[in-house]
Amino acid sequence: MKTFLVAGIFLVVAAVIAPQARGQAKPVSVNIKNSEGRSVGTATLSSAPHGVKIKLDIKDLPPGQHSMHIHQEAKCDAPDFKSAGPHFGAGHEHGATPAGDIPDFSLIVGADGTAHVTVVAPNVTLGSDENSVFSNGGTSIVIHAVTDATAPGAPARIACGIISKA
């Protein structure tokens with residue numbers, strides 16, 4: 001009986017320590033707000049084998065396709081959210097892919113204003129490296145009014161949430 005108890009305790013401790021030993025960070029919850037300061041949903045970021053998994057639960061956004069990126073600054077000053085800066089890792093020539101871009105992804109909001117989707121941002125981490133969403137004091141998630149493909153310039157920013165360590 002003692003052997004089973006000791007083995008059980010060992011397994012519980014190993015389950016708690018193992019993810020930390022592999023460098024996996026705890027999931028991070030991001031509150032996303034619109035230009036009026038109202039919450040329009042959450043993004044839960046967690047480590048993925050190749051990047052960061054972002055689980056989105058969105059409400060009260062205009063229906064249709066929207067771009068979403070990780071931006072350089074941990075700032076979301078309404079109403080235009082330009083304080084979030086450029087895309088994270090955007091020191092590039094036009095046409096190159098910054099770390100904050102999520103290839104082949106459009107946030108599709110339903111007629112009821114909601115979206116529930118999970119996507120992987122392949123070029124960022126939750127670690128301590130230069131591609132970490134926590135570098136420089138944090139970053140932000142920005143949702144744009146339309147997709148990049150449908151906008152002649154940078155699409156308007158309609159929602160924003162700060163990514164930072166708790």
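Below, all heavy atoms of this structure are taken into account, side chains as well, without hydrogens, waters or symmetry copies. Counting from 1, the numbers follow the sequence of the chain as shown.
Judged by distance alone, the side chain of H144 and the main-chain N or O of S67 form no donor-acceptor pair under 3.5 Å. A distance-only check finds no donor-acceptor pair linking the side chain of H69 to the backbone of D101 [under 3.5 Å]. Side chain of H50 to backbone of P122: no donor-acceptor contact under 3.5 angstrom is found. A donor-acceptor pair under 3.5 Å links the side-chain atoms of D112 to the main chain of T114, judged by distance alone.
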What do the steps show when you test I163 against L45 for side-chain contact (heavy atoms from CB on, under 4.5 Å), and what is the final call?
CA-CA 9 Å; I163 304 170; L45 283 66; 3.9 Å; yes
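The nearest pair of heavy atoms linking M68 to F105 is CE-CE2, 3.9 Å. Considering all non-hydrogen atoms of both residues, I108 and A115 come closest at O-CB, 3.5 Å. Looking at every heavy atom in both residues, T147 comes nearest to P155 through O-CG, 4.1 Å.
Atom-to-atom distance recorded for H116:NE2 and I58:CD1 is 9.0 Å, nearest 0.5 angstrom.
Cluster membership for V142 and I102, using ILVMFWY side-chain heavy atoms within less than 4.5 angstrom, is not shared. Placement of L107 and F81 in two distinct hydrophobic clusters is found when ILVMFWY residues are connected by side-chain heavy-atom separations under 4.5 Å, directly or transitively. Hydrophobic cluster membership differs between I162 and V28, with clusters built from Ile, Leu, Val, Met, Phe, Trp and Tyr side chains linked at under 4.5 angstrom.
Of the charged side-chain nitrogens involved, none lies within less than 4.0 Å of a carboxylate oxygen, so that K59 and D57 do not count as a salt-bridged pair.
A 4.5 Å side-chain heavy-atom check between I32 and L56 finds at least one atom pair inside the cut-off.
Sorted by first and then second residue, the side-chain hydrogen bond (donor to acceptor under 3.5 Å, both in side chains) pairs with a member in residues 126-141 read T125-D129; sequence neighbours excluded.
Residues satisfying the side chain to side chain donor-acceptor pair (under 3.5 Å) test with T118, not counting sequence neighbours, are none.
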